[in-house]
2 protein chains.
Amino acid sequence: MAPALDTTFAALADPTRRAILARLALGETTVMDLARPFDMSQPAISKHLKVLERAGLVSRGRDAQRRPVRLEAKPLAEANQWLESYRALWEARFDRLDALLQKLQADEGAPLPPKPGRGRKPKEQT
Amino acid sequence: MAPALDTTFAALADPTRRAILARLALGETTVMDLARPFDMSQPAISKHLKVLERAGLVSRGRDAQRRPVRLEAKPLAEANQWLESYRALWEARFDRLDALLQKLQADEGAPLPPKPGRGRKPKEQT
DNA sequence: CATCGACATAACCATACTGTTATATAACCA
DNA sequence: TGGTTATATAACAGTATGGTTATGTCGATG
């Protein structure tokens, strides 16, 4: 259920998808409405939506033949939390650096070697 | 110079790269030292470092035959800033929602249609 | 029922990503 | 000089990504 940071960040790495999220922040809307401002086919938008959905960043409803799209903020919050833990670094707050270092070592800091071997992306804890 | 959010988020979407950043938060270090905990060849790490470097997330020094890697926090701060603007959404702070909507419309909110045409990823303002 | 509108799916293409092994480069060291 | 260490680069392979066009599906509606 909780999509990893991998998926979230990957979804956010595309400007079209970020624009879609920005649009959705204004409120739930339809695929057609989302597609309109882009110079892109409708299926392309559907694909982007699927990516966002798999990342848990949007959810879909049902309204007759329409499939309203709604923003889901939770993964954003998680990504934010990850970034937040580095805040001390760009704020050069050395008093907070200790806390940061502790946290990083506990969290993702010194993980067991991700053993991708053949797989594409090493799984991490959810 | 300022790598777009595209590049930053893409760089963050990989767990190996996030682990590298976490390690670098503890301080500057060498490629070999970075590679050690991973079950991955040295060239693979070099490639990841190149991705991080292109994203402006790390910078390289020179110490004899060593190429020490240092974390650069600025892109993290920028990504954080982007996420931050959505904070109201996951905090359900409706008083902040107005500010959010204003900001989104000014920023990336309702962008001119990204016209990818043939190109891979529509460029956005730096 | 026939069709339209909104959307999803399929098949396809080009390019990018992530890993590999093998090899090159560059600085130090005996 | 010749070897070793640290890192980069090249060539290759498999999968993923982001777009396309064509077609399918489902619900509303004349």
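First the proteins, then the strands, lettered A, B, ... as listed; each starts at 1.
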So if I apply the salt bridge (Lys or Arg N to Asp or Glu O under 4.0 Å) rule between B/D33 and each of B/R66, B/R67, B/R23, which one comes out positive?
B/R23
Can you identify which nucleotide, out of C/dC7, D/dT20, C/dT18, has its nearest atom closest to the A/V31 side chain?
C/dC7
Salt bridge (Lys or Arg N to Asp or Glu O under 4.0 Å) between A/E53 and A/K50: does it pass, once the steps are laid out?
CA-CA 5 Å; A/E53 195 174 10; A/K50 186 164 276 181; over 6 Å; no
Please report the closest heavy-atom contact between B/V69 and B/L24, naming both atoms and the distance.
O-CD2, 3.4 Å
Base, sugar-phosphate, or nothing for A/M32, non-hydrogen atoms under 4.0 angstrom?
sugar-phosphate
Is the backbone of A/L12 close enough, under 3.5 Å, to the side chain of A/R18 for a donor and an acceptor to pair up by distance?
yes
In whole angstrom, what separates B/D14's CG from C/dC17's P?
12 Å
I want to check one thing: is the phosphate of C/dT9, taken as OP1 and OP2, less than 4.0 Å away from some side-chain N or O of A/K50?
yes
For the helix from C/dC1-D/dG30 to C/dA30-D/dT1, measure the angle between the helix axis at one end and the axis at the other, each built from five pairs, rounding to 10°.
0°
Length of the line joining A/Q65:CD and C/dT3:P, which is rounded to integer Å:
18 Å
Closest non-hydrogen atom pair between A/L71 and B/Y86, with its separation:
CD1-CE2, 4.5 Å
Whole-Å distance separating the CZ atom of A/R67 from the P atom of D/dG24:
19 Å
Could you work out which one of C/dC7, D/dT7, D/dG19 sits closest to the side chain of B/R60?
D/dT7
Separation of C/dC28 C1' from B/D63 CG (nearest whole Å)
11 Å
Over how many whole Å does the gap from B/K47 atom NZ to D/dT9 atom C1' extend?
10 Å
Could you tell me how far apart B/I45 (CD1) and C/dT18 (C1') are, to the nearest whole angstrom?
11 Å
Among C/dA10, D/dG19, C/dA26, find the nucleotide with the atom closest to the side chain of A/P43.
C/dA10
Scan side-chain atoms only and decide if B/S85 and B/Q81 contain a donor-acceptor pair under the 3.5 Å cut-off.
no
Could you work out which one of D/dT5, D/dT20, D/dG27 sits closest to the side chain of A/M40?
D/dT20
ILVMFWY cluster, B/L5 and A/I20 together (side-chain gap under 4.5 Å):
yes
d(CD, B/E53; P, D/dA8) in whole Å:
8 Å
Within the pair B/S41 and C/dT20, is there a side-chain N or O less than 4.0 Å away from OP1 or OP2?
yes
Nearest to the side chain of A/S46, heavy atoms from C-beta on, is which of D/dA28, D/dT20, C/dT9?
C/dT9
When you check the phosphate oxygens OP1 and OP2 of C/dC7, does a side-chain N or O of A/R62 lie under 4.0 Å from one of them?
no
What is the separation between atom CZ on B/R66 and atom C1' on C/dT25, rounded to the nearest whole Å?
16 Å
Measure from the side-chain heavy atoms of B/A64 and tell me the nearest of D/dG27, C/dC28, C/dG19.
C/dC28
Same cluster or not: are B/F38 and B/V51 linked, directly or through other Ile, Leu, Val, Met, Phe, Trp or Tyr residues, by side-chain heavy atoms under 4.5 angstrom apart?
no
Donor-acceptor pair under 3.5 Å: do we get one between B/Q42's side chain and the base of D/dA8?
yes
